[in-house]
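What follows is a set of notes on a single structure, which appears directly below.
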Number of protein chains: 2
Amino acid sequence: MPPKRKSDASSGDGSGAKKKKLARTPSKRESIPDVSGNDYSSEAATKDGKKWNLKFSSWNVNGIRAWVEKNGHSYVTAEDPDIFCVQETKCAKDLIPDDANIEGYHAYWLSGDKDGYSGTGLYSKQEPLSVTYGIDKEEHDKEGRVITAEFDKFYFVTAYVPNAGRGLPRLSYRSEKWDPDFREYLKNLDAKKPVVMCGDLNVAHKEIDIANPKSNKKSAGFTPQERQGFSELLEAGFVDAFRELYPEETKKYSYWTYMGNARGKNVGWRLDYFVVSEKIKDGICDSLIRSEVMGSDHCPVVLLMNI
Amino acid sequence: MPPKRKSDASSGDGSGAKKKKLARTPSKRESIPDVSGNDYSSEAATKDGKKWNLKFSSWNVNGIRAWVEKNGHSYVTAEDPDIFCVQETKCAKDLIPDDANIEGYHAYWLSGDKDGYSGTGLYSKQEPLSVTYGIDKEEHDKEGRVITAEFDKFYFVTAYVPNAGRGLPRLSYRSEKWDPDFREYLKNLDAKKPVVMCGDLNVAHKEIDIANPKSNKKSAGFTPQERQGFSELLEAGFVDAFRELYPEETKKYSYWTYMGNARGKNVGWRLDYFVVSEKIKDGICDSLIRSEVMGSDHCPVVLLMNI
DNA sequence: CATCTGATG
DNA sequence: CATCAGATG
């Protein structure tokens with residue numbers, strides 16, 4: 001499915017709706033992402049030499065309104081992915097800023113019941129065959145966490161996985177309920193067509209995926225339970241695209257707390273992933289972590305595939 | 001009492017205490033008050049030719065932490081008053097930023113029970129004989145609104161008068177309880193020594209004191225009840241220093257809502273006053289409204305006296 | 001249209 | 001150390 005590069009930028013679900021409330025005036029803070037000098041081209045190919053024909057990107061934007069004010073969306077134009085996903089939009093659909101509707105993409109938005117919390121978005125150049133929201137479980141689907149887009153040859157899923165919270169108040173929900181149910185959801189999709197799933201999975205899988213493994217064994221995102229949950233997802237027939245290609249690569253992170261200049265010191269976590277069905281893993285061409293791109297406490301991640 | 005210009009900057013009530021919490025990093029916003037070119041000297045004198053020997057200034061700072069980040073305190077150094085008062089500090093005593101302790105002044109802080117709400121401060125070059133907090137009425141004294149400093153020849157009072165609120169939820173409290181009790185408090189002081197009172201009195205007294213009298217008759221700060229309360233205060237033996245000197249002066253305001261560029265259009269209210277005992281009104285030399293000084297939605301006001 | 005807090009991450 | 005909401009002005 002090499003997507004038709006059509007220029008219809010209309011939004012699939014009413015993202016052009018009137019705003020209830022105006023966005024705040026941009027702060028005088030400088031626009032943070034300056035991606036103008038970056039080279040996002042790539043000649044990456046599969047092991048058997050097929051060049052990529054689809055580019056995907058995912059970014060936890062930590063508030064899409066703030067991200068737009070910081071000119072974060074300029075990254076999307078520069079990266080030019082076929083599909084771009086955002087997590088933690090923290091914004092009701094009707095309040096998504098106009099500038100978040102990027103020319104050339106169909107945009108799909110999901111938010112939860114609680115204002116300013118969670119929320120995801122999916123942009124696609126090609127219009128999906130269908131778009132669905134949630135994972136078909138009432139219990140999980142009030143927080144705007146999962147969007148699924150069906151294409152001819154695959155399902156594309158973006159997820160913002162529940163954070164276990166400080167003091168781990170939601171660890172049991174996360175690891176005993178969400179993780180198994182989300183895994184089942186993906187397995188069911190995978191039984192029909194291959195799956196590409198991306199997003200902030202709120203777990204650093206192995207010690208190699210976090211700067212300070214020792215001191216974080218009881219921190220949300222690095223507990224044994226959460227790490228085990230990710231292992232079980234992979235065992236269910238999926239691969240972590242970045243780690244598949246770069247099994248030994250250290251110090252590659254996609255999140256740094258804003259506190260204590262963690263990003264400057266690269267004291268980070270790899271929380272943002274592309275996870276793909278094992279049956280299409282040979283289509284992986286490259287998996288990239290755009291750690292230089294500013295605008296959030298996470299950076300974008302990229303997957304190049306030949307499908 | 002021409003104050004001894006001593007340089008002891010110690011704070012009268014522990015304002016040097018350790019902070020529980022650090023102030024946020026200053027935003028990148030430019031420092032707003034640039035008072036460096038302003039001439040705050042004055043040759044003002046009483047009607048019978050006595051030059052002022054005391055300068056007082058008062059400013060509703062709308063959050064002392066934000067005000068300090070905006071370099072609002074540079075105004076104090078430039079104005080160089082003998083006593084400077086602030087209202088709406090919105091800050092517990094222990095969290096007052098270090099930069100709010102201005103060299104050459106004793107500082108006294110009061111905050112209420114509710115964090116981030118109300119709060120007043122008083123700076124004095126000369127150390128007062130005593131400083132008291134509140135108006136001796138349990139009912140009123142939980143919101144950090146009044147500081148009284150006793151000097152040799154007068155009492156100095158600063159007040160942040162309760163706002164009646166949008167939809168006037170606290171109008172009855174304000175006009176039936178606070179206003180009479182505060183008036184009694186001042187009358188009792190005045191029975192002992194003359195009083196200079198300043199602050200955000202949260203009322204525009206007459207039509208001349210507000211840009212849009214017609215449309216604000218039901219707005220907090222311009223209801224008949226609040227205006228009447230101020231009239232009754234004056235009838236109890238006090239004068240509005242600014243209006244005493246400038247009975248016909250129009251378009252002089254000390255507050256403009258941040259909304260709709262009201263300040264740019266001078267759509268304002270005169271809410272900040274110096275009110276002095278009638279018996280010392282002949283000591284008034286000048287009363288000034290520093291409407292050019294930025295850093296809050298209010299501007300500073302000044303009183304020059306010979307006492 | 002600002003200031004705060006408190007929840008959240 | 002950020003985001004956002006909601007209270008307050």
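Lettering of chains follows the sequences in order, A, B, ..., and the numbering in each one begins at 1.
For A:Pro169, there are no side chain to side chain contact (heavy atoms under 4.5 Å, CB included) partners, not counting sequence neighbours. By the side-chain hydrogen bond (donor to acceptor under 3.5 Å, both in side chains) test, A:Asp272 is found to be paired with A:Ser254, A:His298, residues two or more places apart in sequence or in another chain being considered. For the side chain to side chain contact (heavy atoms under 4.5 Å, CB included) test, residues two or more places apart in sequence or in another chain that qualify with A:Asp99 are A:Val68, A:His73. Under the rule for a side chain to side chain contact (heavy atoms under 4.5 Å, CB included), the partners of A:Tyr258 that lie at least two apart in sequence or sit in another chain are A:Asn62, A:Lys70, A:Asp297. With sequence neighbours excluded, the residues satisfying ring-ring contact (aromatic ring centres under 6.0 Å, His included) with A:Phe242 are A:Tyr246.
Note: CD (A:Gln87) to C1' (D:dC4) measures 17 Å, nearest angstrom. Residue B:Tyr173 contributes atom OH, which lies 15 Å from atom P of D:dT8 at whole-angstrom precision. In this structure, A:Tyr160 atom OH and D:dT3 atom P are separated by 15 Å, rounded to whole Å. The nearest whole Å value for the distance from the CG atom in A:Leu95 to the C1' atom in D:dG6 is 14 Å. Here C:dT8 presents its P atom at 17 Å from CG of A:Asp200, a figure rounded to the nearest Å. To the nearest angstrom, C1' of C:dG9 lies 16 Å from CG of A:Leu171. Look at CD1 on B:Ile64: it is 13 Å from C1' on C:dT3, rounded to the nearest Å. Counting to the nearest Å, the C1' atom of D:dA7 and the CD atom of B:Glu143 are 13 Å from each other.
Candidate nucleotides C:dG9, C:dT3, D:dC4 were compared by shortest atom distance to the side chain of B:Lys90, and C:dT3 ranks first. Proximity note for A:Asn62 (side chain, C-beta onward) versus C:dT3, C:dT5, D:dT3: the nearest is D:dT3. Residue B:Ala66 places its side chain closer to C:dC4 than to any other of C:dG9, C:dC4, D:dA5. Of the listed nucleotides (C:dG9, C:dC1, C:dC4), C:dC1 has the atom at the smallest distance from the side chain of B:Arg166. Closest approach to the A:Asp115 side chain among C:dT5, D:dG9, D:dA5 is made by D:dA5 (side chain taken as heavy atoms from C-beta onward).
B:Lys142 and B:Asp113 are not joined by a salt bridge, as no carboxylate oxygen comes within less than 4.0 angstrom of a charged side-chain nitrogen.
Phosphate proximity of D:dA2 to A:Lys70: absent, as no side-chain N or O sits under 4.0 Å from OP1 or OP2. Between B:Arg65 and C:dT5 there is a side-chain polar atom (N or O) within less than 4.0 angstrom of OP1 or OP2. The side chain of B:Lys114 places an N or O atom within less than 4.0 Å of a non-bridging phosphate oxygen (OP1 or OP2) of D:dT8. Residue B:Tyr117 places no side-chain N or O under 4.0 Å from the OP1 or OP2 atom of C:dT3.
Relative orientation of the B:His205 and B:Phe230 rings is perpendicular, given thresholds of 30° and 60° on the angle between their planes.
Residues A:Asn266 and A:Lys251 have side chains in contact (heavy-atom distance under 4.5 Å, counting atoms from C-beta outward).
Only A:Tyr258, A:Met259, listed by number, bring a heavy atom of residues 256-275 of chain A to less than 4.0 angstrom from any atom of DNA chain D.
Nucleic acid contact class of B:Asn163 (heavy atoms, under 4.0 Å, all strands): sugar-phosphate only. At a threshold of 4.0 angstrom between heavy atoms, the contacts of B:Tyr255 with the nucleic acid are absent.
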